[in-house]
Amino acid sequence: MPGVEDLYREIILDHYRTPRNRGELPPPAVCTEGNNPLCGDDIRIFLDIADGVVRDVKFSGQGCSISQSSTSMMTVAIKGKPVEEVRALVRRFKHMMTLSDDEGAVDESIKLGDIEALGGVVKFPVRIKCATLGWNTLLEGLNSSQG
Amino acid sequence: MPGVEDLYREIILDHYRTPRNRGELPPPAVCTEGNNPLCGDDIRIFLDIADGVVRDVKFSGQGCSISQSSTSMMTVAIKGKPVEEVRALVRRFKHMMTLSDDEGAVDESIKLGDIEALGGVVKFPVRIKCATLGWNTLLEGLNSSQG
Amino acid sequence: MAGANTSLDAEKIRQDFPVVTSSINGKPMVYLDSANTSQKPVAVIDAMTAFMREGYAPINRSAYSLAAEATEKYEGARTKVAKFINAKSSREIVFTKNATEALNLIAYSWGRTNLKRGDVVVLTHMEHHANIVPWQMLQQEIGIELRWVPLTSDFQLDLSSLSNLLAGAKVFSFTSMSNVLGTINPVEKLCAAAHAVGALAIVDACQSVPHAPTDVQAWGADFTMFSSHKMCGPSGVGVLWGREALLEAMPPFLGGGNMISEVRLDGFKCAELPAKFEAGTPPITEVIGLGAAVDYLNGIGMANVRRHEVEMSSYVLENLTARFGDEITIHGPRNPELRGATFSFAFRGIHPHDLSQILDQTNVCVRAGHHCAKPLMKIIGANATARASFYLYNTKADADALANALDSASDIF
Amino acid sequence: MAGANTSLDAEKIRQDFPVVTSSINGKPMVYLDSANTSQKPVAVIDAMTAFMREGYAPINRSAYSLAAEATEKYEGARTKVAKFINAKSSREIVFTKNATEALNLIAYSWGRTNLKRGDVVVLTHMEHHANIVPWQMLQQEIGIELRWVPLTSDFQLDLSSLSNLLAGAKVFSFTSMSNVLGTINPVEKLCAAAHAVGALAIVDACQSVPHAPTDVQAWGADFTMFSSHKMCGPSGVGVLWGREALLEAMPPFLGGGNMISEVRLDGFKCAELPAKFEAGTPPITEVIGLGAAVDYLNGIGMANVRRHEVEMSSYVLENLTARFGDEITIHGPRNPELRGATFSFAFRGIHPHDLSQILDQTNVCVRAGHHCAKPLMKIIGANATARASFYLYNTKADADALANALDSASDIF
Ligand SMILES: Cc1ncc(COP(=O)(O)O)c(C=O)c1O
Ligand SMILES: Cc1ncc(COP(=O)(O)O)c(C=O)c1O
């Protein structure tokens, strides 16, 4: 049995205790809602996209340390980035979570930075859904704001 | 495991090979149909009842040695008997088959005669439905011809 | 420790449950998720294994001895279950795959036949999804109206407006015990209230049959259901009980083998009860395992099980409150006589998922989430709770282990 | 004896099945009822026992390791089953309680949504009640029309008028192999014929998945289903496979826990596949047992199983005919390549029930009755037949025992 220290790295707890980009954005920002049917967690991602760039992002909702910190780190990583780069990052992240990727090749060279700390989640398969909740919701938001 | 000799007594095989009262009766005789959903056997009992007496009875249909011989012996036993006596006999028979009896007390003094040979069926629970098929169908016939 | 002054010897009973006495990484297992699914005693596992090694055969359809004996064991289990809940006859016992199927069977078969647009079905705010979604499906399909009995602030059903809610209702379907709050409902009284307005009384007994004596006739219920896997039996089998006249009048639910007396190209005729509702090959080994579970529970005595759990409740409530005071919020009644030994709680602001993960470090198994009762969660104002549930094999040592593990959770958060 | 020149070593395989090698009253068991339900190898029994003794826990809902590991085992079995039949993805695999539930699920969920009065569903004369009654229930309810593909005199489907029968049809649902006649149907061809008229192709694969390699994609089928208990797995679990797009578009069947993503007082939202169709606590131990059965069968190789059964069929057909000539009537194809090793027969005018009873004296287990195919029985002109069905653990010695027992049956009648 892997120890919780693999899960609750300091950087993760830091983002949990002090979430970045927490809040909401008014319309026309796109709001997408996601939830984890297993634990009842829910999350809302607010995206302000213009000219193919994520100009601003915020999140709200309730969740465990993993889903909250993962989302917090995600917002830091994507803010100001071109949508295509964001998509590549999502693929890279889901690849780290060893989830199959139907939507394109993974660019292993993309740096995850702090997000790397979430790698330990893989040893706790039940928590993978927590870690990916924000990312999947982001993906939905990207799709709907492009369609 | 009980041996088949408990099941296939000579008198039973005799009624199977040479069934008594096999055939049909024209209306106004009452015809009742019964079947054993487990093995696909079916049976028809024809009853000519007048003044509370079973004046004639015949049976037709397909079935195994147990259902055929049991029905054959039954017809012999009830022909010419008052309906009330017939009902008591049915109760006595079903009691021998250790089936619960909801419809009145069993008169243990009633003689079963040849029918006693069917007592061995009890050791083969799956065959009880074969042995009682004709009797249950008779009971339905009695009920429907009484109103 | 437990044992001496409790109603049953939980220390001894534990020894019957291999998972309960197991350890991981040298630390003993503390299984506190029995409201979800219970562990299995050796007697049940052995009954299933013996059947599969020595007597496995089809039931009902074949004349050879192996099959005849399997049939007797299967039907013998039905008789045991009937007696266990004091059903009038074993014809009233239908084996399903779980309690959820039983509730759907009622909604599909009785519901579609007897309910029409605008008809009222009354539920409560503390129902499990299994007693909500089948009715919402009927609502979508035929437009029935759903009404909800609310809760009081002390986690009881608020019966003050029950007669208004029930006015004109066709069905009152409620749980005998909440799987989240632990609240035990006054089943007899609720059945009587349903009958007073001519409504059917359906009791979801999933959380009470495993934990206390059950008498469906004394309840005056019309239907009840429960799952083998919560009462020391195997997974894969549930029980529907219904009054014979009701089951008799209902159309079949699933069609296929075993539930027919005749099939022609132009139509079919149903078999008699209970076969009518048991289409296809049933969970043969599992039903026999459930029979062994009933024997096991009878050997201990359901009244003793209940008494043990009242004692466990007292201990848990006192202990957690004494130790953590306001840091712990228990969502449920305080009086051990009014509740089962199932405790949902919030602790020091730690998310239940994280809590459960950390408790797991010392093998303390508690469930975290919505417990398949999302409407109730919303009403008690939580997205999720942690839940520790105790059964006949749990001791005060388990309660202590829970408290110790909780205390150390703050080391991380 | 068997072994040397057969495709698999049945003598060795027998040793894996405790019931098959058991004896009663000193006489060896001759289990010839596997078309009804198969025996279980030690590997399956042990997998279930080990899980119940060491790892039993709820799946999907809890974060603690015991539950996470149980979930992995359960989902692992799903992946195994998906590969076993070459499904595109394990999301297409739904665990039901048996094949019958799977057929009802299709009729209720897909049928009620997509069929209306007058729509045509085509079946065949050789269907099991499980593939008849659910459609007859829809016929009663919404007035669909049922059409039937008849048989040729050599027990094949008569496809001469298939295009007429299929004209305008919405569904063609047929068995891959008759459980009475042993006839193997040309599944790919029938699926293509269904698709040519835009009808859904539903394959009842209960009798073929246990006995031969299965490739649902090569079949080109839309739905298929089979039961664990006929393929060396435990009772209490069946499998529905459906093309993802179809399952995706269907409304749920049973409502309750696990199949939802959201429940509010005013309605619910479904979970994703396959959870959407798995309401309530599933047969956890049994699914894990099925996974072990798939491993077991893969270890032997389904092509080898098929080859063994072709060899058994040759032997049985030659032997019985040589020995009994006109005294035995076998209802089914004569060509071992066109059939499975399941033989329904009439013998010397002895009623099948009596025959089965007498064979039982030497532990020869054959089924007697209508085999849940009453319309077919009527068509072949029998109320009942005796049926001997062979599986991977049966040897030529079993076939000889059958012949010997038959011969002595006339001593009584
Ligand atoms: C061809 C066929 N279809 C369906 C079934 C039904 O399977 P089950 O009883 O496991 O639901 C069977 C077996 O009885 C069968 O042989
Ligand atoms: C109160 C209640 N009702 C219904 C159910 C559903 O039982 P199952 O999942 O065995 O169908 C449960 C258990 O999950 C429950 O606790």
Side-chain angles (χ1 to χ4, degrees), chain C residues 18-19 22 33 36-37 39-40 45 49 52-54 56 58 61-66 97-101 104 128-130 132-134 136-137 148 227 229 234-237 254-257 260 263-265 267-268 279-281 283-286 353 356-357 360 365 367-369 372 374-375, chain D residues 18-19 22 33 36-37 39-40 45 49 52-54 56 58 61-66 97-101 104 128-130 132-134 136-137 148 227 229 234-237 254-257 260 263-265 267-268 279-281 283-286 353 356-357 360 365 367-369 372 374-375:
Chain C
V19 170
S22 67
D33 199 14
N36 192 337
T37 195
Q39 294 298 336
K40 322 302 171 203
I45 301 170
T49 307
M52 288 191 284
R53 293 187 73 103
E54 293 153 27
Y56 185 81
R61 303 170 187 167
S62 299
Y64 55 87
S65 326
L66 195 69
K97 70 173 175 179
N98 52 25
T100 301
E101 185 195 349
N104 281 275
H128 187 278
H129 293 162
I132 298 176
V133 181
Q136 290 183 332
M137 286 166 64
W148 306 84
S227 280
H229 69 88
S235 52
V237 55
L254 303 181
I260 55 87
V263 179
R264 296 180 216 252
L265 293 181
F268 70 94
T281 305
I284 308 175
T285 308
E286 293 65 31
H353 228 147
S356 155
Q357 190 88 61
D360 185 43
C365 305
R367 183 169 169 190
C372 295
K374 286 196 128 200
Chain D
V19 169
S22 68
D33 199 15
N36 192 338
T37 196
Q39 294 299 336
K40 321 302 171 206
I45 301 170
T49 307
M52 288 191 284
R53 293 187 73 104
E54 293 154 27
Y56 184 82
R61 302 171 189 168
S62 298
Y64 54 87
S65 329
L66 196 68
K97 69 173 175 177
N98 52 25
T100 302
E101 185 195 349
N104 280 275
H128 186 279
H129 293 163
I132 298 177
V133 181
Q136 290 183 332
M137 287 167 63
W148 306 84
S227 279
H229 69 88
S235 52
V237 54
L254 303 181
I260 56 87
V263 179
R264 296 178 214 253
L265 293 181
F268 68 95
T281 304
I284 307 174
T285 307
E286 293 65 32
H353 228 149
S356 155
Q357 189 88 64
D360 186 42
C365 304
R367 183 169 169 189
C372 296
K374 286 196 128 203

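- Chain D forms more heavy-atom pairs under 4.5 Å with one residue of C:V19, C:T37, C:V263 than with any other, namely C:V263.
- Side-chain atoms of D:Q39 come within 3.5 Å of backbone atoms of C:Y56 as a donor-acceptor pair (strictly under, hydrogens ignored).
- Residues passing the salt bridge (Lys or Arg N to Asp or Glu O under 4.0 Å) test with C:K40: none are found, sequence neighbours excluded.
- In terms of non-hydrogen atom pairs under 4.5 Å with chain D, the most contact-rich of C:T100, C:N98, C:I45, C:N104 is C:N104.
- Here C:S235 pairs with D:T285, D:E286 under the side chain to side chain donor-acceptor pair (under 3.5 Å) rule; sequence neighbours left out.
- Of the listed residues (C:G255, C:P283, C:P18, C:A130), the greatest number of heavy-atom pairs within a distance under 4.5 Å of chain D belongs to C:G255.
- Under the 3.5 Å distance criterion, the side-chain polar atoms of D:H353 are left unmatched by any main-chain donor or acceptor of D:A368.
- For the set C:E101, C:Q357, C:E54, the entry with the most heavy-atom pairs within less than 4.5 Å of chain D is C:E101.
- Distance alone, capped at 3.5 Å, places no donor-acceptor pair between the C:D33 side chain and the C:C365 backbone.
- Both the backbone and the side chain of C:L265 come within contact range of chain D, judged by heavy atoms closer than 4.5 Å.
- Of the listed residues D:Q136, D:R264, D:M52, the one with more heavy-atom pairs under 4.5 angstrom with chain C than any other is D:Q136.
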| task | Test side-chain contact (heavy atoms from CB on, under 4.5 Å) on C:R53 and D:T49 and set out the steps. | result | CA-CA 12 Å; C:R53 293 187 73 103; D:T49 307; over 6 Å; no
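- Only the side chain of C:I260 comes within contact range of chain D, judged by heavy atoms closer than 4.5 Å.
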